[in-house]
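Structure first, commentary second.
Values below: every heavy atom of this structure, side chains too, minus hydrogens, waters and symmetry copies. Every chain is numbered from 1, with letters handed out A, B, ... down the list of sequences.
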Amino acid sequence: MTSATPETDETRYDFRALEERWLPVWRETQPFRSGAEGDERPTKYVLDMFPYPSGDLHMGHAEAYALGDVIARYWAQRGFNVLHPIGWDSFGLPAENAAITRGLDPRGWTEDNIAQQRSSMERYACSFDWDRVLATHRPDYYRWNQWLFTRLHERGLAYRKHSNVNWCPKDQTVLANEQVVGGLCERCDTPVTKKKLNQWYFKVTDFADRLLDDLDGLQDTWPSKVIAMQRNWIGRSQGADVTFVIEGRDQPVDIYTTRPDTLYGATFMVVAADSDLAAELASTADAAVQAEFEAYAERVKTESDIDRLSTERDKTGVFLGRYAVNPVNGERLPIWASDYVLADYGHGAIMAVPAHDQRDLDFARAMDLPVRAVLDCRDEHGDRLPEPAESGIATTGDGTLINSGDLDGLDKTAAIAAIVARLEADGVGRASTNYRLRDWLISRQRYWGTPIPIVHCDACGEVRVPDDQLPVELPAAEGLDLKPKGQSPLAAATDWVTTTCPSCGGTATRDTDTMDTFVDSSWYFLRYLSPGKTDGPFDPADAKRWAPVDQYVGGVTHAILHLLYARFFTKALHDMGMIDFEEPFSALLNQGMVQMDGSAMSKSRGNLVRLSEQLDEFGVDAIRLTMAFAGPPEDDIDWADVSPAGSAKFLARAWRLARDVASAPDSDPAAGDAALRAVTHRTVADCAGLVEGFRFNVVVARVMELVNATRKVIDSGAGPADPAVREAAEAVAIVLSLFSPYCAEDMWSMLGHENVAHAGWPAVDESLLVEETVTCVVQVKGKVRDRLEVPPGIGEDELREAALGSAAVQRALDGAAIRTVIVRAPKLVNIVPA
RNA sequence: GCCCCGAUAGCCCAACUGGCAGAGGCAAACGGCUCAAACCCGUUCCAGUGUGGGUUCGAAUCCCACUCGGGGCACCA
C-alpha cells in the first residue's frame, strides 16, 4: 500500500511534519523566556558566545548552539530558572566590506543578516530567551561602550599615547597584539608592519597580576588548555632592575634581567634600536655613528614582524660609541643598539651576558665582543660544560658563581638573593616583575564601530563627552568614503566632527577613531541582564541575581583575546563597585570545530558542507543529535566520520516507541516489566551526571540502549500495554528533549502530555537501582577463571570462600599453594598462587 | 627551542579514574520483508589499547623514555 499523502501519515516518523507542527507552537508559547521577578527557582546563567551576523548559520554555529542548548535545557528540566540569551556581535569589518564592495548600507546589511540568523536559530530550536536580544551596533548598546570608556578614562585606565603599533597595510588599520598571528594580520594574512601613531589604550597591564593569579580559581571549571594559554600570554617573569650609569649622561639607565646572578658576566649593553633612548644616545655621537644608526633604525622600522620572527636570522646592530658602567665592578660596557632588544618590554635596554644567554652570545660573536663565564656549569655527569666562547653555546642553566668577586661559590638562588640585596642597599637596583602582556590598543581607523566619546579642544585638550550627551552616534555612512586609507572615515564627516567643547563651549573636534569590537564583547553578558535599561549599562540588582555566568560555551578561538578582555572589564567593574564578583565566567566549555576530511571546511577547498542542506536532508533534530553524539564536545568533529542518517534512523526508532505505547497516561509503572524499569531508572540517574560532566556522546549512547531495551519489551512480554514501556518512553522523550526537541515534543504529545521542555527531569526510584545479584569475577594470577553470581552485599570472607570453592579455580590452581587472595567485594576476587 | 593535550576494532567513540577491554553508532557480511530496490527488522564479523621499560596480585588507566598527531608561546632579557 503506497500512500499518496505521506504528510498526513501519522504512523511514520516525518521530521518535516514535526518541524512544521511544533515550531509555530513554540513561537507562541516562548518556553524559554527566563523567569519573572518573583520566580522562586534557583537561577542558572547559561551563555553561548554571540555570533557575528555573517548571514546564515554554518556548521560551526550548529555545533556550538546544539551543545549550549543541551546544557540550558538540562537545567530547565532540573527545575532551574535558566537565563539563556543570544545577541549579535554586529560591529566589524564584514559589514564595512559589504558596503565598500557592493555599495550596501552597513546598517541595513547588518539588520538583514540578523533577521535571517534569528529565524535560522528559531528553526534550529535554540532555547534562547528572545526577550533579551541585543546587537552591539545599535546605539542603545554602544552608548554603554562609550559610558564605560568614560568611566575607564576617569580612572586613568583609558589613555592615549604615541607608539609604534601593529599596522596592517591591506586593512589600513592598527591591530592589537592579539590580532597579529605569526607576524600576519589575523584577518587577511597580510604581513604586519609598524607605524608610529597616537592611539587609545586600555590599561590591562594594571591588572596583570590579578588576571594571572585568579586563574587558579578556575582550575577545575575551565579547560586547562585555556588557562595555560592565558598564563602564557600574560607571561609574568621575576627578575631585577639594575641601574647603570651612562658616561656623559646625567640620567642613569635601568635594565631588566631575570638573571642578576650573572651581573659580573655583563660585557656590553644593548638598547632597542627603535627606542627613544637609542636615538638620544646616538645623537651625541660622532657623525659617522649617527649616520649608521639612522640608517639602521630606519631599516628596523620598516621591517615587518614576519622578518623579525625568523629565528635563523643573524644578529645586527650598531655601536653607539658610548659606555655604561657596571654597578658591581665599575667595568665600562660598550653600548650597542640592536633590534633583538624590544623597546616595549622591560626598559628597552639590557645588560648582555653572552656566556649565559644565547642571544647575547650570538650577538657577541657577530660583533666580536668579549665573552666571560661567571658560572661553573656542569652536565649530569658532573663534567664541566665547554666554554661558551669556544662552543658558541651559552650555558643558561644553574651553576656555581665564579669570576664574581666575593659572590664566588654561591649557587644561582643564593646569588640572586645576595646580588639583589646588595643592589638595593646601594640604591642601584631592586627586585622587579615584568609581563609579556601589553596594554590593549583599542583605536581603529574604521567606520563600523563605536565612536570614541572624546572631544579634542585647543583650549581644554582631551575632554570626555558628558554622560548626558551619550551616545555619540555614528554619522550616516551615506556620502562617506569607507575605503581604508589610514585615517578614520569619520574624519570626512565634517558636520559630525565639528562640535562644541563640553568644557569651554568653544569650537572643537570629535575623536574620529572607533573602538575595537572586542570592547563590545567584553561586557555584553551583563547587558543581557537588563536589556531595556536606559540609565545604565545594567542594573546591579540584576547582576546580583544572575551573574556571574554559570556556564559559558564557545570556541577555543577566543581562548585569549575575548576571555582576557572580558576578565579585565569584570575586574574593572568590580573595582568601580558595580558588581561583586571578579571573574565573569564560572565555568567554560570549549567546543571543537567541524571539519571535513581532516581539514577546515572552506569554499576554496571545495569541501564546504552547507548546514541548510544538511537540515533539509536530515532535519534539525538529527543534526543536533549528530553534533552531540560525535564525541567529546571539545574534540573536533570530522563530518566525514559521523552519520546524520544514523541519527535520523535512531530518532525514528525512538519516536515509534511513543507511537506504540498502549497504556494510559496515569498507569502505574510498578506493575510493569521490572528489568526494563531498572534500565530506565539507571539510565535517567546516570544521564544527569553525564550531562553535568559534558559527556553528551555517552548520554546519547545510553538513550539508544534504553530505546533498544524498550523495543525488546514491546516486541515480547506484555508488549505495548506494559506500563514500564510507557515509563521508558517518557524518560526517552525527556532526555531526548535536550538534543532533539521536535521529536521529543511529538513523543510527549503522543504520550498525552504538553510542553516537554518543562516536563521535569524524571524522578529516580533508588530502590530500582539496587541490583539483586552482581557478577563476581574470579581471577587466578590476574586471569579470569570463573564468574559467580553473588548478592551485592556479600561479605569479603564469604566471597573468598565461594571463590576458592570454584571448580574452575581449583583446576587453574592445579594444587599450587596460595600466597594471597585479594577480595574486592562484590565484583572481584584475585587469587595469587605462591 | 619551551609548555599543554591526545593515540583503544576498517572508522567515530565507551570502559564506574587501578579490577571481565566494548556501552552506543557508522561501515561490512549474511538472513527476513519486497516482484525488485530503498526503508525497516534480525544475526554476525572485527582490537588486547602507538612503541619500549617500570610500579602492582592486577595497568587502556599510574611513573619514565620515545614515536606520531593537534594546539599554544617564541629574540620578552
Side-chain angles (χ1 to χ4, degrees), chain A residues 12-13 181-182 223-237 239-240 255-260 262 270 272 308-311 313 315 338-342 344-353 356-360 362-363 396 434-438 556 559-560 592 598 625-626 629-632 634-647 649-650 652-653 656 683 686 689-690 695 697-708 711 715 775-787 818-824 827-833:
Chain A
R12 278 193 57 197
Y13 173 75
V181 179
S224 53
K225 184 182 173 181
V226 174
I227 291 177
M229 284 164 78
Q230 296 241 332
R231 287 218 169 95
N232 233 336
W233 191 262
I234 295 165
R236 180 162 63 193
S237 85
I255 61 96
Y256 173 73
T257 179
T258 54
R259 294 298 300 273
T262 63
V270 186
R308 274 184 87 122
L309 282 172
S310 91
T311 43
R313 227 165 59 114
K315 291 277 185 286
S338 174
D339 64 352
Y340 89 91
V341 170
L342 308 176
D344 57 355
Y345 184 77
H347 304 287
I350 62 157
M351 68 171 192
V353 185
H356 307 298
D357 183 285
Q358 191 60 49
R359 297 154 301 186
D360 295 345
D362 292 344
F363 191 83
T396 56
N434 257 284
Y435 305 88
R436 213 192 68 95
L437 182 73
R438 308 295 149 86
V556 74
I560 299 173
L625 189 73
T626 303
F629 186 49
E634 57 276 11
D635 288 4
D636 289 347
I637 298 174
D638 196 316
W639 203 247
D641 291 334
V642 297
S643 173
S647 299
K649 202 164 83 176
F650 162 71
R653 271 170 71 78
R656 274 184 251 121
T683 302
D686 289 354
L690 289 167
R695 315 284 310 280
N697 54 327
V698 185
V699 175
V700 175
R702 297 297 300 276
V703 179
M704 287 173 167
E705 273 183 272
L706 178 55
V707 168
N708 292 343
R711 174 51 60 190
D715 291 345
T775 305
C776 175
V777 175
V778 186
Q779 300 175 331
V780 176
K781 223 180 152 196
K783 284 191 150 181
V784 181
R785 296 298 184 184
D786 200 4
R787 288 153 209 274
I818 292 164
R819 184 144 63 108
T820 23
V821 179
I822 287 129
V823 182
R824 292 283 177 274
K827 304 201 68 168
L828 179 130
V829 178
N830 189 13
I831 298 158
V832 188

Q) Can you tell me if the side-chain N/O atoms of A/Arg653 get under 4.0 Å from OP1 or OP2 in B/rC41? A) yes
Q. If you look at every strand shown and take non-hydrogen atoms under 4.0 Å, does A/Arg695 touch a base, only sugar-phosphate, or nothing?
A. sugar-phosphate
**Q.** OP1 or OP2 of B/rA77 under 4.0 Å from side-chain N/O of A/Tyr340
**A.** no
(Q) If you go through the side-chain atoms of A/Lys315, does one of them form a donor-acceptor pair with the base of B/rC75 closer than 3.5 Å? (A) yes
Q | Spacing of the P atoms in B/rA21 and B/rU61 (rounded, Å) | A | 14 Å
Q: Would you mind telling me which residue lines up with the more 5' stretch of RNA chain B, A/Ala645 or A/Pro632, judged by nearest nucleotide?
A: A/Pro632
Q) Within the structure shown, what part of the strands sits under 4.0 Å from A/Ser237 by heavy-atom distance: base, sugar-phosphate, or nothing? A) sugar-phosphate
Q. Salt bridge between A/Asp686 and A/Arg702, side-chain N to carboxylate O under 4.0 Å?
A. yes
(Q) If the glycosidic angle sits within 90 degrees of zero it is syn, else anti. Tell me which applies to B/rG6. (A) anti
Q. Base, sugar-phosphate alone, or nothing: which one does A/Arg711 contact when heavy atoms must sit under 4.0 Å apart?
A. nothing
Q: Describe the nucleic acid contact of A/Val777 in one word from base, sugar-phosphate, nothing, applying a heavy-atom distance below 4.0 Å.
A: base
**Q.** A/Asn708 side chain near B/rG25 phosphate (N/O to OP1/OP2, under 4.0 Å)
**A.** yes
**Q.** Rounded interatomic separation in angstrom, taking CD1 from A/Ile637 and C1' from B/rC11
**A.** 15 Å
Q. Given that A/Gly235 and A/Asn232 both sit by RNA chain B, which one's nearest nucleotide is further toward the 5' end?
A. A/Asn232
Q | Rounded P spacing from B/rG19 to B/rC30 in Å | A | 40 Å
Q: Would you indicate what A/Asp686 reaches in the nucleic acid, counting non-hydrogen atoms under 4.0 angstrom: base, sugar-phosphate, or nothing?
A: nothing
(Q) Could you tell me how far B/rC68 sits from B/rA27 if I compare only their P atoms? Round to whole Å. (A) 34 Å
Q: Name the orientation of the base relative to the sugar in B/rU34: syn if the glycosidic angle is within 90° of 0, else anti.
A: anti
(Q) Categorize A/Phe363 for me: base, sugar-phosphate, or nothing, with a 4.0 angstrom heavy-atom threshold over every strand shown. (A) nothing
Q. A/Thr257 near the nucleic acid: base, sugar-phosphate alone, or nothing, with a heavy-atom cut-off under 4.0 Å?
A. sugar-phosphate
Q: Using atom CG of A/Asp641 as one end and atom P of B/rG24 as the other, report the distance to the nearest whole Å.
A: 20 Å
Q | A/Lys315 to A/Tyr340, cation-pi by 6.0 Å centre distance and 45° axis angle | A | yes
Q: For B/rC26, take OP1 and OP2 only and decide whether either is under 4.0 Å from a side-chain N or O of A/Lys649.
A: yes
Q. Atom CG of A/Leu437 to atom C1' of B/rC73: distance rounded to whole Å?
A. 14 Å
Q) Considering only B/rC5, B/rC57, B/rG25, which nucleotide approaches the side chain of A/Ser224 most closely? A) B/rC5
Q. Do any side-chain nitrogens or oxygens of A/Asn697 fall under 4.0 Å of OP1 or OP2 in B/rA14?
A. yes
Q) Of all the nucleotides listed (B/rC57, B/rA23, B/rA77), which has the minimum atom distance to the side chain of A/Glu705? A) B/rA23
Q) Which part of the nucleic acid, if any, lies within contact of A/Arg785, taking any heavy atom under 4.0 Å across all strands shown: a base, the sugar-phosphate backbone alone, or nothing? A) nothing
Q. B/rG19 base to A/Gln779 side chain: any donor-acceptor pair below 3.5 Å?
A. yes
